[in-house]
There are 2 protein chains.
Amino acid sequence: MINKYIETLQKHGLKRTPKRLEVLRILSEESAYISPQKLHVLLKEKFLKIGLPTVYRILQQFQNIGIVTSIQQDDNQLYYYLCDCVEKHHHFICRKCHKVSCLTYCDFDNIKQLVADQLDSLAETHVLQIEGLCKECLES
Amino acid sequence: MINKYIETLQKHGLKRTPKRLEVLRILSEESAYISPQKLHVLLKEKFLKIGLPTVYRILQQFQNIGIVTSIQQDDNQLYYYLCDCVEKHHHFICRKCHKVSCLTYCDFDNIKQLVADQLDSLAETHVLQIEGLCKECLES
DNA sequence: TTTATAAACGAAAACCATTTTCATTTAGAT
DNA sequence: ATCTAAATGAAAATGGTTTTCGTTTATAAA
Ligand SMILES: [Mn+2]
Ligand SMILES: [Mn+2]
Ligand SMILES: [Zn+2]
Ligand SMILES: [Zn+2]
């Protein structure tokens, strides 16, 4: 599954560097969203020298080529997670354990029509963030 | 219409201060979302002394009591706008002129059900941000 | 109207996530 | 092996937001 991401990297002219590969590995083993700071700590377990700017650069590049998504929490910080789905969909985020789950749902076509009808305007993009408690956190 | 907000202030134990009243006036005459910095500039036209912390404090308090809503744009900055609607709905935001328009639409009941069915999880909150071009900006 | 008190405020500094700069290193092509 | 643009680290800068703390003010009680 990592291979698919590596292809995407090369398709966008990004070199296959050890740091980038390790970021992919960490993110693919992580089911929760993660802060650049925490990712930096995890990367330092493998690399003696890795700067926070590199972490930020990699995450932004990955976001640009569509392999990670960012969310902004109430603490005014960015968090990132990896999503390998291709179809249009949204994510459910557990407010306790921060796990991210794909939800087969997107109502954008309907929204576009409503925006046209009600406001004579053109809806181009939308962001939907759904939060709550995941199955495990509900049970514990 | 400002009177309704003043009642809300007092209901939540917030004093009726000149700064707060002027923030309400500015926001109610503004159809676009606004940054704390720009609000600060506008407030300085009326008050010789007003600090940026006060602006931030007022906006946060207004958000807490539900008379303003904040959004975070791609520049990682917070913007605020006033919404006097009571029913559950969402907003359409013009990416060019930044005007905010209410949209009579909310699919949360459906989303809750899907989250329960697909993920055995409990959806508690949701944020939907719709962006595009408003009628005026489409025509110009 | 005066007084008391908690809330509100301004000024200054602190905070801290994120970005920029620039010199050095490295991946990948030739 | 050589070359070159991309990638990186270190350090500093940036800038939105928050904290601190001493002073002022709104508001209710006396
Ligand atoms: Mn997904
Ligand atoms: Mn509204
Ligand atoms: Zn959870
Ligand atoms: Zn517009």
Side-chain angles (χ1 to χ4, degrees), chain A residues 2 5-24 26 33-65 67-81 98, chain B residues 5-24 26 33-65 67-80 98:
Chain A
I2 291 260
Y5 296 126
I6 295 176
E7 277 177 34
T8 308
L9 286 195
Q10 293 175 331
K11 189 166 57 185
H12 288 84
L14 293 182
K15 290 179 178 172
R16 174 190 174 128
T17 69
K19 313 281 166 71
R20 287 188 180 138
L21 294 182
E22 182 67 5
V23 168
L24 284 177
I26 292 173
Y33 60 75
I34 190 174
S35 66
Q37 288 75 18
K38 185 176 173 194
L39 183 54
H40 185 220
V41 169
L42 295 176
L43 286 163
K44 279 193 284 194
E45 291 178 3
K46 176 149 183 165
F47 301 103
L48 295 176
K49 285 187 160 193
I50 178 160
L52 205 37
T54 298
V55 179
Y56 277 98
R57 284 186 282 239
I58 291 177
L59 287 171
Q60 278 185 195
Q61 291 156 344
F62 284 11
Q63 178 161 241
N64 288 341
I65 66 179
I67 61 185
V68 304
T69 305
S70 71
I71 57 171
Q72 231 154 1
Q73 293 294 75
D74 293 332
D75 60 0
N76 279 348
Q77 235 210 291
L78 288 169
Y79 294 84
Y80 293 85
Y81 56 88
H98 301 168
Chain B
Y5 295 125
I6 294 175
E7 277 179 34
T8 308
L9 286 195
Q10 294 175 330
K11 188 166 59 183
H12 288 84
L14 293 182
K15 290 178 179 172
R16 173 188 175 130
T17 69
K19 313 281 166 70
R20 288 191 179 134
L21 294 182
E22 182 67 6
V23 168
L24 284 177
I26 292 172
Y33 60 76
I34 190 174
S35 66
Q37 289 75 15
K38 183 175 174 195
L39 183 55
H40 185 219
V41 169
L42 294 177
L43 285 163
K44 280 193 284 195
E45 292 178 3
K46 176 149 183 167
F47 301 104
L48 294 176
K49 285 187 162 194
I50 179 161
L52 203 38
T54 299
V55 178
Y56 277 98
R57 284 187 282 240
I58 290 176
L59 287 172
Q60 281 186 194
Q61 291 156 343
F62 283 11
Q63 177 160 240
N64 288 340
I65 65 177
I67 61 185
V68 303
T69 304
S70 71
I71 58 171
Q72 232 155 0
Q73 294 294 74
D74 292 333
D75 60 0
N76 280 348
Q77 236 213 291
L78 289 169
Y79 294 85
Y80 293 85
H98 301 166

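Just so it is clear: chains get the letters A, B, ... in the order the sequence lines come, proteins before strands, and each one is counted from 1.
For the helix from C:dT1-D:dA30 to C:dT30-D:dA1, the end axes, each set by the C1' atoms of five terminal pairs, are bent relative to each other by 30° (nearest 10°).
For the atom pair CG (A:Leu24) and OG1 (A:Thr8), the distance works out to 9.0 Å, reported to the nearest 0.5 Å. Summarising the geometry, atom CG belonging to A:Leu78 is positioned 7.5 Å from atom CD belonging to A:Gln63; distances are rounded to the nearest 0.5 Å. Atom-to-atom distance recorded for A:Leu9:CG and A:Arg20:CZ is 7.0 Å, nearest 0.5 angstrom. Note that OG1 of A:Thr69 and CG of A:Leu59 are 11.5 Å apart. Values are rounded to the nearest 0.5 Å. One distance of note links NZ of B:Lys46 with CG of B:Leu48; it measures 12.0 Å at 0.5 Å rounding.
The number of heavy atoms from other shown groups lying within 6.0 Å of CG (A:Asp75) is above 12.
Taking atom CG on B:Leu14 and atom C1' on D:dT25, their separation rounds to 15 Å, with Å as the unit. What separates CG of B:Asn64 from C1' of D:dT18 is a distance of 15 Å, to the nearest Å. In this structure, NE2 of A:His12 is placed 16 Å from P of D:dA6, rounded to the nearest angstrom.
Between chain A and DNA chain C, the heavy-atom contact criterion of under 4.0 Å yields a 5' to 3' nucleotide range of C:dA17 to C:dG28.
Contacts of residues 41-50 of chain A with DNA chain D (heavy atom under 4.0 Å): A:Lys49, A:Ile50.
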Between B:Arg16 and B:Ile6, is a side chain to side chain contact (heavy atoms under 4.5 Å, CB included) present by the stated rule, with each step listed? CA-CA 7 Å; B:Arg16 173 188 175 130; B:Ile6 294 175; 3.6 Å; yes
Check the pair A:Glu22, A:Ile26 against side chain to side chain contact (heavy atoms under 4.5 Å, CB included), reporting the backbone distance first and the verdict last. CA-CA 6 Å; A:Glu22 182 67 5; A:Ile26 292 173; 4.0 Å; yes
Do A:Lys11 and A:Ile65 pass the side chain to side chain contact (heavy atoms under 4.5 Å, CB included) test, and can you show the C-alpha distance, the side-chain angles, and the key distance before you say yes or no? CA-CA 9 Å; A:Lys11 189 166 57 185; A:Ile65 66 179; over 6 Å; no
Hey, mind stepping through B:Val23 and B:Val68 against side chain to side chain contact (heavy atoms under 4.5 Å, CB included) and telling me if it holds? CA-CA 11 Å; B:Val23 168; B:Val68 303; over 6 Å; no
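Contact check, A:Thr17 against D:dA6: no side-chain N or O comes under 4.0 Å of OP1 or OP2.
With sequence neighbours excluded, the residues satisfying ring-ring contact (aromatic ring centres under 6.0 Å, His included) with B:Tyr33 are B:Tyr79, B:His98.
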Validation: residues 34-42 of chain A side-chain donor-acceptor distances under 3.5 Å, sequence neighbours left out:
| from | atom 1 | to | atom 2 | distance (Å) |
| --- | --- | --- | --- | --- |
| A:Ser35 | OG | A:Lys38 | N | 3.1 |
| A:Gln37 | OE1 | A:Gln77 | NE2 | 2.7 |
| A:Gln37 | NE2 | A:Tyr56 | OH | 2.9 |
| A:His40 | NE2 | A:Ile50 | O | 2.7 |

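The residue B:Arg57 sits close to a base: some heavy atom pair falls under 4.0 Å.
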Could you write out each protein N or O paired with an N or O of nucleotides 11-17 of chain D at a distance under 3.5 Å?
| from | atom 1 | to | atom 2 | distance (Å) |
| --- | --- | --- | --- | --- |
| D:dT17 | OP1 | B:Leu78 | N | 3.1 |
| D:dT17 | OP2 | B:Tyr56 | OH | 2.4 |
| D:dT17 | O5' | B:Tyr56 | OH | 3.3 |

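Contact between B:Tyr80 and B:Ser70 at its shortest, heavy atoms only, is CE2-CB, 3.5 Å.
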